[in-house]
Amino acid sequence: MSSSTFETLSRRSFLRAGALTVAFAMAPKAFAELPGASGGQALRPDLPGDLKSTPMLDAWIRIDADGAITVFTGKAELGQGIKTALIQVAAEELDVDPATITLVTADTARTPDEGLTAASHSMQDSGTAIMNAAANVRMRLTDAAAKTLDVDPATLSTSGEGHVVGADGKRLSYGEIAATLLLHVEARPNVPLRDPASYRTIGKSWPRVDIPAKLTGGAAYVQNLHLPGMLHARILRGPSGGTRLKDPPVDVVARMPGVVTIVSNGGFLAVVAEEEWTAITAMRALQAVPFERTAPALSQAGVVETLTNLPSRLITVLDTSGLTATPVRTLKARYTRPWLAHGSIGPSCAVAWFKDGLMTIWSHSQGIFDVRRVAADLLGLDIENVHAIHAEGAGCYGQNGADDVAADAALIAHALPGHPIRLQWMREQEFGWEPLGPGMFVDLEAAMDDENRIVSWRHDVWSTPHNTRPNTAGGVLAGWEVSPPFKAPEPQPIPMPEGGDDRNSNPLYALPAMNVVYHFVPTMPMRTSAMRSLGAHVNIFAIEQMLDDLAATAGVDPLALRLAHMRDERARDVMTLAAERFGWANRPRGDGRRGCSMGFAQYKNLEAYCAVVIEVEVERETGDYRVKRAVAAVDCGQTVNPDAVANQIESAIIQSISWTGREAVTTKPTLQTSFDWSAYPILRFDAVPDTIDVHIVDRPGMPFLGTAEAAGQAPTAAALANALADAVGIRLRDMPLTPAKVKAAIGVI
């Protein structure tokens with residue numbers, strides 16, 4: 001993206017946004033405990049999606065006199081393809097070519113505050129709002145045209161090319177009509193939507209608008225942003241969380257050629273230079289000193305001992321206790337996950353510019369309006385004097401270092417008015433300081449009667465917080481380092497039905513006598529926060545393994561056992577479809593080397609349904625294994641872009657194989673020790689499954705259910721563990737399921 005484009009976004013559009021700017025600046029902040037929640041209060045509860053909190057049509061759609069159409073969303077493109085999908089939704093209901101629409105994503109001066117882009121809420125909240133806003137606008141265009149043409153609106157139609165057309169062939173362009181049409185009105189509820197049978201755009205695999213620059217090496221990411229006169233910064237911290245440098249040679253480094261200044265505030269330290277390499281060289285010189293630990297020593301015990309030795313709060317998620325039949329078989333098992341890193345391929349980056357009293361921040365955070373709030377709090381600025389703009393990052397889903405680096409950059413830029421500041425963390429800083437995915441464990445106990453019915457179920461899950469996303473200065477690293485420091489907020493669990501650590505701990509299956517308990521551990525041995533799918537990854541890993549073990553104990557087919565306990569027809573549909581497309585009835589049976597099995601979940605028991613069936617092949621002599629093929633079926637409600645849905649399920653399968661089979665943060669008492677890809681291995685290209693097939697159960701006209709984190713992650717983890725157990729006849733329940741563990745389990749010397 002060119003510097004002139006960013007200049008326009010950051011300055012001119014901010015100033016000309018007028019009344020809308022003020023309205024968005026004063027919008028109530030998002031509920032911090034609800035990822036994906038709307039950023040505002042429900043002003044119109046009768047309206048769908050985020051129209052509830054932002055009901056004015058011109059907050060979502062603008063049509064200029066020349067016919068140019070601009071659509072606004074408070075959600076951010078994170079690589080999930082949301083820009084393309086939202087353009088398709090708007091184009092469908094406006095009945096225009098998607099190529100004629102410009103989409104503006106999360107920008108505090110231009111778009112509604114829709115809270116976080118998280119929890120697969122973008123299509124549910126923003127997609128639904130845009131769909132209904134566009135239907136409202138199309139109706140208003142048609143009504144206005146009817147008045148101009150002096151005809152009954154029922155005799156008019158839209159052309160698919162931006163015109164309202166009469167029965168006699170007379171037509172008016174949207175631009176002509178919009179020139180005199182007021183869109184600063186509230187949306188009306190229950191406006192008719194286009195019939196799915198006549199869709200031109202929704203349901204089609206429209207080419208993604210974000211791909212060309214990424215594919216060709218263009219300016220696709222915030223990491224690529226360059227502004228005139230931009231200076232480069234690097235942050236100075238100890239090697240990992242809970243450490244600090246001892247007496248770095250600030251005065252010496254400040255005199256190095258090309259170093260502009262060193263910004264210091266309490267324990268916050270950053271070097272600013274004319275060139276990026278100079279900043280890196282200066283940073284290395286400052287880091288060439290000992291470090292000391294400022295937090296308690298890191299436990300070298302396993303996740304179970306670490307978590308059970310910390311204070312916890314007991315939360316009952318579900319209790320339907322009371323046996324209805326006599327159990328004849330009872331199984332107990334424990335499932336664990338270590339702390340995980342996001343492992344973003346591109347280290348976190350932000351650009352900040354403090355000029356004429358206005359702080360502008362470009363960030364790849366999933367919460368751009370919270371970036372604004374944090375910066376205002378950290379710098380003591382009025383909220384209207386902070387403008388935050390989402391720019392894509394080569395990052396990940398979840399809270400990596402994006403929010404911290406945005407605050408870092410703003411603090412540096414505030415100390416150097418007039419100079420754009422580009423700050424990028426180094427690879428080792430990303431690994432050492434980003435919030436981690438929490439270490440977790442689950443204890444499960446289930447019993448069956450003599451008719452192979454599950455008659456009791458107990459699920460205990462332990463975890464530190466999955467949501468410490470910042471909306472004040474007390475939530476970011478810089479806020480803890482400046483003088484005086486800001487106090488970190490008290491971690492809180494995310495309430496059900498969405499949940500956080502306990503997400504998907506309540507099985508969707510029809511089981512009697514269920515007792516689900518969440519042990520919330522607020523003390524974080526290492527800083528933790530959101531990671532794709534949150535607690536669903538571990539809870540489904542446990543639930544779906546227990547189902548396979550129960551099936552094996554009872555001598556019944558694992559799919560048959562699931563279907564016998566599932567009443568939700570949409571869940572049954574995806575399980576059956578995945579099994580059929582995999583060839584379940586004729587699948588390779590466990591022979592010591594090859595094995596197959598499945599996993600299923602409805603994300604949060606509220607959103608997309610997904611079943612994954614996997615075949616693995618194990619090299620018994622080494623324990624190495626490979627996923628040969630994966631077949632998934634997904635129901636995400638009405639499908640807007642089938643190819644984008646398949647992209648998300650494919651990515652979830654690949655990432656989950658990596659998480660479940662390879663990844664774990666390592667530590668010593670003084671620091672984390674996994675600083676690069678050798679110490680923190682992720683799945684490489686040569687280990688990706690030979691084939692991944694995704695089959696979509698489309699539901700035209702049904703509500704959007706979301707896809708990006710809503711489906712494949714958790715079922716894949718369970719399917720992998722179940723397939724390994726089928727292959728070698730031994731169950732592994734402690735992630736990562738490494739080749740070394742497989743080899744040890746099967747006893748190969």
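Heads up: numbering here begins at 1 and tracks the sequence.
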Kindly indicate whether the side chain of [X], heavy atoms from C-beta on, has any atom under 4.5 Å from the side chain of [Y].
X    : Y    : result
H232 : Q424 : no
F600 : Y609 : yes
H364 : E77  : no
S483 : N265 : yes
H459 : V517 : no
S344 : C396 : yes
R469 : Q366 : yes
V442 : V538 : yes

Check whether any side-chain N or O of [X] sits under 3.5 Å from a backbone N or O of [Y] as a donor-acceptor pair, and report yes or no.
X    : Y    : result
E434 : H342 : yes
Q429 : M426 : yes
Q672 : F431 : yes
T128 : D125 : no
T108 : A388 : yes
S674 : Y680 : no
S651 : Q648 : yes
T738 : K741 : yes

For [X] and [Y], which heavy atoms make the closest approach, and how far apart are they?
X    : Y    : result
S505 : I543 : O-CD1, 4.0 Å
E663 : P338 : O-CG, 3.8 Å
V222 : A391 : CB-CB, 3.8 Å
L86  : G127 : CD2-CA, 3.5 Å
Q80  : S122 : NE2-OG, 4.4 Å
P465 : D501 : C-OD1, 3.8 Å

List in chain and number order the residues that pass ring-ring contact (aromatic ring centres under 6.0 Å, His included) with [X], two or more places apart in sequence or in another chain; answer none if no residue qualifies.
X    : answer
H519 : W462
Y397 : none
W480 : none
H537 : W659

Can you list everything that forms a salt bridge (Lys or Arg N to Asp or Glu O under 4.0 Å) with [X]? Sequence neighbours excluded, please.
X    : value
D404 : R527
R532 : none
R313 : none
D408 : R237

For S529 and Q399, run side chain to side chain donor-acceptor pair (under 3.5 Å): C-alpha distance rounded to whole Å, both residues' side-chain angles, the deciding distance at 0.1 Å, then the answer. CA-CA 6 Å; S529 193; Q399 187 189 344; 2.5 Å; yes
Residues forming a side-chain contact (heavy atoms from CB on, under 4.5 Å) with N605, sequence neighbours excluded: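 Only N504, N506, L508, Q602 meet the side-chain contact (heavy atoms from CB on, under 4.5 Å) criterion with N605.
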Which residues share a side-chain contact (heavy atoms from CB on, under 4.5 Å) with A233, sequence neighbours left out: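 A233: side-chain contact (heavy atoms from CB on, under 4.5 Å) contacts with V272, I412, I421, L423.
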Taking atom [atom1] of [X] and atom [atom2] of [Y], what is their separation to the nearest 0.5 Å?
X    : Y    : atom1 : atom2 : value
S658 : Q655 : OG    : CD    : 7.5 Å
R662 : I682 : CZ    : CD1   : 9.5 Å
L269 : I235 : CG    : CD1   : 7.5 Å
L307 : E305 : CG    : CD    : 10.5 Å
W362 : H387 : CH2   : NE2   : 8.5 Å
I82  : S126 : CD1   : OG    : 7.0 Å

Contacts of type side-chain hydrogen bond (donor to acceptor under 3.5 Å, both in side chains), residue Q300, not counting sequence neighbours: T667
In chain order, what residues pass the side-chain hydrogen bond (donor to acceptor under 3.5 Å, both in side chains) check against S348, with sequence neighbours excluded? E430
Is the NZ atom of K214 crowded by more than 12 outside heavy atoms at less than 6.0 Å?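 Counting neighbours around NZ of K214, more than 12 heavy atoms of other residues, nucleotides or ligands fall under 6.0 Å, so yes.
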Tell me whether the count of non-hydrogen atoms from other residues, nucleotides or ligands lying under 6.0 Å of CZ in R293 goes above 12. yes
Determine whether S656 and T716 satisfy the following criterion, side chain to side chain donor-acceptor pair (under 3.5 Å), listing intermediate values before the conclusion. CA-CA 6 Å; S656 187; T716 299; 4.8 Å; no
Could you go step by step and tell me if F291 and L671 meet the side chain to side chain contact (heavy atoms under 4.5 Å, CB included) rule? CA-CA 10 Å; F291 72 90; L671 78 167; 4.2 Å; yes
Hey, is [X] close enough to [Y] for a salt bridge, meaning N to O under 4.0 Å?
X    : Y    : result
E498 : K604 : yes
D443 : R334 : yes
D377 : R373 : no

Side chain to side chain contact (heavy atoms under 4.5 Å, CB included) between I389 and I361, intermediate numbers included: CA-CA 6 Å; I389 305 167; I361 307 165; over 6 Å; no
Does the pair L298 and K668 meet the rule for a side chain to side chain contact (heavy atoms under 4.5 Å, CB included), with working shown? CA-CA 7 Å; L298 293 170; K668 295 195 297 189; over 6 Å; no
L116 and D370: CA distance, side-chain angles, deciding distance, side chain to side chain contact (heavy atoms under 4.5 Å, CB included) verdict: CA-CA 8 Å; L116 297 170; D370 283 339; 4.0 Å; yes
List the steps, then state whether side chain to side chain donor-acceptor pair (under 3.5 Å) holds for Y603 with E709. CA-CA 8 Å; Y603 190 49; E709 70 169 354; 3.0 Å; yes
